Chemist: 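What follows is a single structure, and I will ask about it in a moment.
Order of the sequence lines sets the chain letters (A, B, ...), proteins ahead of strands, with each chain counted from 1. Predicted, not measured: the structure shown is a model, and the values here were computed from it.
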Number of protein chains: 2
Amino acid sequence: MARTKGSIGKDTQAAIWQTAKKLIVSHGFEAMTLRQLAAEVGLQPASIYRYIKSKDELLQSLMLEHMGQLLTACQKAVPRHATATRKLEAFVAFHIRYHIERRTDVILANLELRSLQGEAHAQVVTKRRSYEEQLIAILEHGRNEGAFAINELEVAAYAILAMLTGVCFWYNPKGRLSIEEIINEHIALVMRGVAASK
Amino acid sequence: MARTKGSIGKDTQAAIWQTAKKLIVSHGFEAMTLRQLAAEVGLQPASIYRYIKSKDELLQSLMLEHMGQLLTACQKAVPRHATATRKLEAFVAFHIRYHIERRTDVILANLELRSLQGEAHAQVVTKRRSYEEQLIAILEHGRNEGAFAINELEVAAYAILAMLTGVCFWYNPKGRLSIEEIINEHIALVMRGVAASK
DNA sequence: CAATTAAACGAACGTACGTTTGATTATATA
DNA sequence: TATATAATCAAACGTACGTTCGTTTAATTG
């Protein structure tokens with residue numbers, strides 16, 4: 001056989017990416033083989049190479065794309081002119097919702113950074129830092145306003161991000177709690193955690 | 001060559017375990033090769049098999065040992081008869097200190113669970129659950145006392161654990177903050193986050 | 001000091017991986 | 001409808017992996 005009936009490059013490309021994400025998250029990047037990926041997509045191993053340059057480049061694409069989208073989505077979701085309290089609430093809600101809806105991408109980006117090398121690794125780290133700085137800026141704004149009581153902005157930011165991202169690892173779509181309920185619980189924890197006593 | 005001068009099994013065993021942890025954390029379990037491990041320890045690949053039954057069994061040993069020690073250490077560190085507030089403070093302090101001091105083990109246990117299979121996987125998950133339940137019990141105690149205001153015990157527990165464990169991933173021994181300072185920041189965040197308003 | 005055990009070695013095995021090459025069939029274009 | 005292009009295949013390459021085997025040397029024991 002060669003070209004198969006009904007085969008369209010765009011669809012195959014999408015299937016490869018989606019399947020790759022799933023396999024990487026469940027087995028790890030190193031443990032996933034291109035043969036396994038090809039088999040799940042319904043191709044021969046060699047055919048993958050019409051769509052990727054190498055296995056490493058596949059991981060790079062997946063991670064850089066995810067980080068880029070996360071940054072732009074965040075900038076849209078958090079209001080630029082508002083109180084720090086409102087900004088922080090918006091940030092928490094955005095982060096949890098975005099991360100739950102793209103759990104696969106998030107887990108991948110968090111667990112496979114060490115499999116990334118060279119230029120791409122540096123780029124991902126830089127983008128992650130940009131994202132962290134958006135939260136740090138909000139916390140600083142709140143401290144200047146007198147609304148937040150925080151000694152160490154960076155520690156607080158890391159703590160909050162770890163807490164929120166952690167949802168990805170236990171969230172169950174069939175579970176008792178809706179995304180909104182989960183968001184509200186976390187908003188309560190975070191806002192009380194940073195709020196200045198009155 | 002064969003047996004080398006001054007070679008002692010106990011030392012080699014320890015070197016293998018320690019080096020394995022380091023390599024697994026930095027490259028991932030699947031990416032670490034036994035040849036690499038042997039080379040760093042100063043052995044031929046075959047010699048590793050005097051100390052392990054297989055690569056998989058090595059990971060199992062490392063993870064089960066870590067989880068077991070974590071559980072017993074926790075039970076010693078958190079007072080059995082005290083207010084929920086004191087218990088929670090003790091738990092936060094213990095968790096951060098223990099996790100920072102054994103960052104390698106912790107990162108390994110958190111990132112490589114998916115490389116574990118069968119019986120060992122189930123055992124690790126069970127032990128992790130036991131640990132989570134210790135925190136849940138403290139939170140429930142505090143809610144019954146009226147000291148904590150928490151709607152969802154489990155969500156709060158997961159959130160707190162994620163936040164505290166996150167320290168392992170950014171802590172820098174040469175950084176500006178001491179372990180005590182980091183612990184205090186987190187105690188502040190957590191205690192205010194869960195405290196009932198008076 | 002002889003015999004036994006402990007701790008390593010060197011060489012090899014089969015397997016599976018990422019990747020390359022060139023041919024083959026389906027769709028799009030003119 | 002003839003031609004060009006897109007999408008896949010089958011087969012193979014070299015490499016590196018986990019692991020096994022039998023041997024060799026160092027330390028321990030009686």
Chemist: Scan T33(B) against the nucleic acid and name what it touches under 4.0 Å (heavy atoms): base, sugar-phosphate only, or nothing.
Modeler: sugar-phosphate
Chemist: Rounded to the nearest angstrom, tell me the gap between atom CD in E30(B) and atom P in dA16(C).
Modeler: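 To the nearest whole Å, that distance equals 15 Å.
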Chemist: What integer distance in Å separates Q13(B):CD from dA7(C):C1'?
Modeler: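 In whole Å, dA7(C) C1' and Q13(B) CD are 13 Å from each other.
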Chemist: What is the distance from CE of M32(B) to P of dC17(D), rounded to the nearest Å?
Modeler: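 Spelled out: CE on M32(B) to P on dC17(D) is 11 Å.
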Chemist: Which residue lies toward the 5' end of DNA chain C, K55(A) or R35(B), if each is placed at its nearest nucleotide?
Modeler: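 Nearer the 5' end of the strand: R35(B).
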Chemist: For the residue pair Q123(A) and M63(A), establish whether any side-chain heavy-atom pair is separated by less than 4.5 Å.
Modeler: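 With C-beta onward as the side chain, the pair stays apart.
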Chemist: Roughly, in whole Å, what's the span from CG in L58(A) to C1' in dG18(C)?
Modeler: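 For the pair L58(A) CG and dG18(C) C1', the rounded distance is 13 Å.
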Chemist: Just by distance, no angles: are the side chains of D56(B) and Q117(B) close enough, under 3.5 Å, to form a donor-acceptor pair?
Modeler: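 No, no side-chain donor-acceptor pair sits under 3.5 Å.
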Chemist: Any side-chain N or O of Y49(B) below 4.0 angstrom from OP1/OP2 of dA8(C)?
Modeler: no
Chemist: Using a strict cut-off of less than 4.0 Å between a Lys/Arg side-chain nitrogen and an Asp/Glu carboxylate oxygen, indicate whether R114(B) and E30(A) qualify as a salt bridge.
Modeler: no
Chemist: Quick one: which of dA12(C), dT19(C), dC9(C) gets closest to the side chain of L43(B)?
Modeler: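 Looking only at side-chain atoms, L43(B) lies closest to dC9(C).
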Chemist: Whether the E40(A) and Q36(A) side chains hold a donor-acceptor pair (N or O, under 3.5 Å, no angle test) is what I'd like checked.
Modeler: no
Chemist: Is the shortest side-chain N/O distance from S47(A) to OP1 or OP2 of dA7(D) below 4.0 Å?
Modeler: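 Result: no.
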Chemist: Using whole Å, report how far CG of L34(B) lies from C1' of dT20(D).
Modeler: 13 Å
Chemist: Measure from the side-chain heavy atoms of Y51(A) and tell me the nearest of dG18(C), dT19(D), dT8(D).
Modeler: dT8(D)
Chemist: Does dT8(D) have OP1 or OP2 under 4.0 Å away from a side-chain N or O of T12(A)?
Modeler: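 Answer is yes, contact under 4.0 Å.
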Chemist: On the nucleotide dT8(D), are OP1 or OP2 found under 4.0 Å from the side-chain N or O atoms that Q44(A) carries?
Modeler: no
Chemist: Over how many whole Å does the gap from K10(B) atom NZ to dA27(D) atom P extend?
Modeler: 19 Å
Chemist: Figure out the CD1/P separation between I48(B) and dT20(D), and round it to whole Å.
Modeler: 14 Å
Chemist: Less than 4.0 Å between a side-chain N and a carboxylate O, is that true for R176(A) and E152(B)?
Modeler: yes
Chemist: Tell me the interatomic distance from R50(A), atom CZ, to dA6(D), atom P, rounded to whole angstroms.
Modeler: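 Atom-to-atom, R50(A) to dA6(D), this comes out as 8 Å.
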